[in-house]
2 protein chains.
Amino acid sequence: MLPELSDVECKSEKSSHLLSQTWDSYDMEATITPYTGFEVLKSTLPPCQVCRAPASGYHYGTNTCEACKVFFRRSLTKHTDYRCKNGRNQCMSSDDYIFNCKSCRFKKCVSEGMSRDRIKIGRYSRERRRENFNKLSEIISNKPSIPHMMNFADADIVTVYCRESFSKFTDATWGKEIHNLYERLYSAILETQGSSWSKEDFMDIVEVTGVEIDGRRSFAEISQKLLKRNIQFLYKFARALPGGKELPNEKFVVDFFNYPEYIKFAIAMSYNFYWSNDEFVFTVDDKQFLMHKNELEHFLDKEVLSYQMEISERKNKLNLTVEETMFVFALQIIKPSAQYPKMGVANQRLNLAFTRYLQTTYGNDYHKRLRDIINFVSFFNEKIYFLKKWTKKNERYLNYLTDCKLMKLFWIEKQPGWEYDILDNFQEIDEPQ
Amino acid sequence: MLPELSDVECKSEKSSHLLSQTWDSYDMEATITPYTGFEVLKSTLPPCQVCRAPASGYHYGTNTCEACKVFFRRSLTKHTDYRCKNGRNQCMSSDDYIFNCKSCRFKKCVSEGMSRDRIKIGRYSRERRRENFNKLSEIISNKPSIPHMMNFADADIVTVYCRESFSKFTDATWGKEIHNLYERLYSAILETQGSSWSKEDFMDIVEVTGVEIDGRRSFAEISQKLLKRNIQFLYKFARALPGGKELPNEKFVVDFFNYPEYIKFAIAMSYNFYWSNDEFVFTVDDKQFLMHKNELEHFLDKEVLSYQMEISERKNKLNLTVEETMFVFALQIIKPSAQYPKMGVANQRLNLAFTRYLQTTYGNDYHKRLRDIINFVSFFNEKIYFLKKWTKKNERYLNYLTDCKLMKLFWIEKQPGWEYDILDNFQEIDEPQ
DNA sequence: TAAAGAGGTCACCAGGTCAC
DNA sequence: GTGACCTGGTGACCTCTTTA
Ligand SMILES: [Zn+2]
Ligand SMILES: [Zn+2]
Ligand SMILES: [Zn+2]
Ligand SMILES: [Zn+2]
């Protein structure tokens with residue numbers, strides 16, 4: 001079990017954001033003009049520790065903007081009965097530091113150390129001026145400060161821990177997990193070869209004669225067995241994530257299946273597959289399997305194949321690392337929650353770990369990589385969405401191919417009440433074999 | 001292996017702009033020559049008799065700070081119509097901030113004997129000097145704080161204070177703390193010499209014959225006794241840190257053990273150990289002990305030894321100072337907390353103190369050093385993580401080596417509910433011997 | 001003649017005001 | 001309710017004067 005960051009705030013200062021928003025508007029030369037009230041721009045101050053706006057000074061023991069200063073004062077003298085808007089108590093941790101939740105803004109003020117007895121007025125001492133200057137130059141030059149670095153150390157451990165845990169999934173030998181996997185896959189594919197029956201033909205023939213004219217059902221069966229085993233592994237990984245034990249069992253299961261896109265994502269990213277001359281090539285463990293486009297087209301149809309091809313092309317172009325896949329998946333599972341504040345902390349740690357991973361891997365260009373990943377994820381989700389629509393449209397066909405209720409839930413758009421279906425059928429995942 | 005933080009971190013285009021406009025306008029260097037008044041640290045002065053801030057001198061017949069001095073003057077020349085804010089005339093007695101009630105501040109000034117006719121100008125006479133000295137030593141003997149640092153910057157006070165407190169750990173003579181320590185260590189090592197039984201052999205033999213064939217259990221016992229005593233010292237240090245008394249007891253204990261990595265870190269960094277020709281050399285107090293690689297390999301195994309060697313090599317290469325170890329440890333214990341805002345303030349102070357320490361020790365290049373330190377911390381944590389996995393795997397062996405539950409908690413990955421175990425077993429740490 | 005404080009200076013902030 | 005802008009203190013640093 002990873003040590004917990006209980007009740008701790010990980011603040012990752014988004015310096016790029018900072019630079020663009022905070023300092024552009026400032027006119028350095030203007031600072032030298034003699035003081036006449038409010039014109040003096042305190043450009044030698046670090047930004048508002050509460051909202052990241054340019055600070056107007058040191059108020060109640062913290063560098064804050066005029067707005068946060070007066071907000072804090074009014075909070076002290078009048079309103080203390082704030083309640084968080086969305087109940088998560090995390091409204092301030094977003095990138096933009098814009099508050100629409102008074103409760104969280106006030107909490108942030110307090111946690112930054114604002115308080116009546118920390119008031120400091122009068123001229124700055126040399127010491128304080130130097131502190132400000134140091135802080136500022138750390139931010140401006142993007143040099144790592146100590147709090148950053150301490151968080152980095154934690155982030156590294158999170159990465160090591162998750163990577164180790166995730167490797168049980170990525171390094172699994174599926175042939176050992178599933179009896180006769182290769183043989184069954186191979187023979188199922190063999191049985192599909194040369195078949196040119198469409199979905200409709202297939203269903204009609206089964207309906208009328210009771211005979212399955214090719215191997216598509218065997219193929220669906222064995223591949224779904226594999227898929228299910230994969231989900232089992234991912235579920236275990238998810239549970240072992242920091243924060244993964246905060247939720248009660250049932251809630252966690254429901255959350256886990258709430259976004260099956262990401263399960264599909266993690267699985268899809270962990271297998272090798274590509275198209276080569278109208279031949280779909282995929283690898284399980286170290287075995288390669290081939291399926292021809294023609295058969296797949298009859299097996300499924302052109303629409304699905306085009307999704308498949310696009311995904312496969314973009315996937316191979318982007319070439320996600322194991323860690324990237326892992327973090328994208330983990331961040332989808334471990335999300336801030338109103339009821340379970342530790343989930344929020346865990347989410348921040350994972351976030352930071354991911355950022356740190358990207359930073360160390362891609363250097364200062366990591367934003368670009370992150371953008372590419374995000375684009376790809378949303379592209380992938382879009383395709384999965386269409387795939388779901390397609391499956392829904394072909395629900396009858398799906399029923400011919402599998403009896404497993406969980407798989408149907410997994411592949412078809414969720415209907416109201418799906419949570420109960422999942423829970424009813426979950427033991428298949430929870431208790432393997 | 002983890003990727004390490006690279007040196008390429010400065011990227012902002014704005015930096016030149018801002019950085020070039022250092023606060024030269026305030027001219028640090030220039031002030032020092034013509035004027036001696038403020039640079040001289042008045043370390044022989046008792047604190048301000050009105051507000052307890054560092055005094056700047058003897059003003060109007062009393063040792064006061066600059067602020068109280070000028071407040072008194074202005075009160076004389078202008079405002080005498082102060083009225084106590086809450087009518088109780090006791091506002092200065094509490095820790096309330098002094099701006100709250102001018103009336104009480106002025107009354108305090110008067111009651112401390114401030115007056116125009118008590119003005120003393122010019123060089124100190126011998127009596128006045130002695131007077132100050134006596135007052136000071138009285139304060140020192142009453143309070144364990146460091147009043148002679150009163151006029152230093154807060155960062156320095158924090159550093160000196162922590163250093164003094166930490167030295168109780170680093171300068172401890174363990175031979176005095178633990179009865180017959182050296183003898184027991186020495187004889188335990190002697191008993192392991194020449195033994196080539198593996199972990200499994202050892203367990204089997206104990207199991208079957210009840211005989212412990214070598215000294216490994218004695219060695220484990222005495223070294224864990226030492227370890228526990230070290231933890232006791234570190235716990236006391238942690239409690240004495242600024243902010244260390246903010247948390248309720250139980251929460252603090254749990255937080256303290258939440259990151260046993262950092263406890264191990266602090267301890268490991270405070271001992272001398274290295275490898276020399278397949279000989280593991282470690283020092284306790286001023287005594288050297290040797291263990292041969294072969295025996296250690298049987299005692300533990302190759303995996304653990306390789307961690308040990310890597311750690312020892314990098315540790316000795318980096319050569320952390322006592323202060324660095326101390327701050328890394330302290331910053332892990334004293335962390336910002338939304339629930340306890342004073343922890344956040346304490347964390348800021350420690351940060352500042354650490355920054356300041358690095359700056360004065362390594363100059364403007366201190367970021368490089370900081371980066372090295374954090375990379376090492378990450379590396380160390382990673383190894384500890386693997387060590388924990390190893391211990392978990394060899395839990396049965398550990399059970400043969402120690403009965404102490406706390407030690408087991410300390411060495412094995414934490415399981416859910418560990419907090420209760422820690423609390424149940426903590427009195428061993430809290431009440432030594 | 002160097003050390004030390006009184007008084008001056010002006011950067012600095014809490015709280016108030018007012019237009020939105 | 002918010003936040004830009006004043007007003008009336010405040011206090012760090014300086015200059016000038018006094019004194020051991
Ligand atoms: Zn703000
Ligand atoms: Zn909120
Ligand atoms: Zn004072
Ligand atoms: Zn009063």
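Side chains are part of it too, since the values below use all heavy atoms of this structure and drop only hydrogens, waters and symmetry mates. Every chain is numbered from 1, with letters handed out A, B, ... down the list of sequences.
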Rounded distance (Å) that lies between atom P of C:dA6 and atom CZ of B:Arg116
10 Å
When you measure from the centre of the six-membered ring of A:Tyr60, is the NZ or CZ of A:Arg73 under 6.0 Å away and within 45° of the axis?
no
Please determine, for C:dC20, whether a Watson-Crick or G-U wobble partner exists with both distances under 3.5 Å, and give it or none.
D:dG1
For atom CZ of A:Arg126 and atom C1' of C:dC12, their distance in whole Å:
16 Å
Considering only side-chain heavy atoms of B:Arg73, which listed nucleotide, C:dA6, D:dG3, C:dG5, is closest?
C:dA6
Residue B:Glu66, side-chain heavy atoms: nucleotide from D:dA12, D:dG3, D:dT19 that is nearest:
D:dA12
Across the strands shown, which category fits A:Lys78 at heavy-atom distances under 4.0 angstrom: base, sugar-phosphate, nothing?
nothing
Nearest to the side chain of A:Ala67, heavy atoms from C-beta on, is which of C:dA14, D:dG3, C:dG7?
D:dG3
Output the distance between atom CZ (B:Phe354) and atom CG (B:Leu370), rounded to the nearest 0.5 Å.
6.0 Å
Using whole Å, what does the distance between atom P of nucleotide D:dG9 and atom CZ of B:Arg105 come to?
13 Å
So if I take every side-chain heavy atom of A:Ile121 and compare against D:dC14, D:dA12, C:dA14, which nucleotide ends up nearest?
C:dA14
pair B:Arg105-B:Phe71: side-chain heavy atoms closer than 4.5 Å
yes
Please give, in whole Å, the distance from D:dG11 C1' to B:Phe72 CZ?
17 Å
5'-most by nearest nucleotide on DNA chain C - B:Arg74 or A:Arg74:
B:Arg74
Classify B:Arg118 by what it touches in the nucleic acid, base, sugar-phosphate, or nothing, heavy-atom distance under 4.0 Å.
nothing
Quick one: which of C:dA6, D:dT2, C:dC13 gets closest to the side chain of A:Phe71?
D:dT2
Is it true that atom NZ of A:Lys335 has more than 12 heavy atoms of other residues, nucleotides or ligands lying nearer than 6.0 Å?
yes
Salt-bridged, A:Arg130 to A:Glu127, with N to O below 4.0 Å?
yes
Pair of N/O donor and acceptor under 3.5 Å linking C:dG7 base with B:Lys69 side chain:
yes
Nearest of D:dT2, D:dA12, C:dG15 to any side-chain atom of A:Lys120?
D:dA12
Nearest whole Å is fine: how far is D:dC13 P from A:Tyr124 OH?
13 Å
So which heavy atom on A:Tyr82 is nearest to which on A:Ser75, and how close?
OH-OG, 3.0 Å
Does the side chain of A:Arg129 get closer than 4.0 angstrom to OP1 or OP2 of C:dC12 through an N or O atom?
yes
5' precedence on DNA chain C between A:Arg128 and B:His59 (nearest-nucleotide basis):
B:His59
Under 4.0 Å between a side-chain N/O of A:Tyr60 and OP1 or OP2 of C:dG15, yes or no?
yes
Whole angstrom is fine here: how far is it from CG in A:Leu76 over to P in C:dC13?
18 Å
Let me know the distance between CG of A:Asn63 and P of C:dC12, rounded to the nearest Å.
11 Å
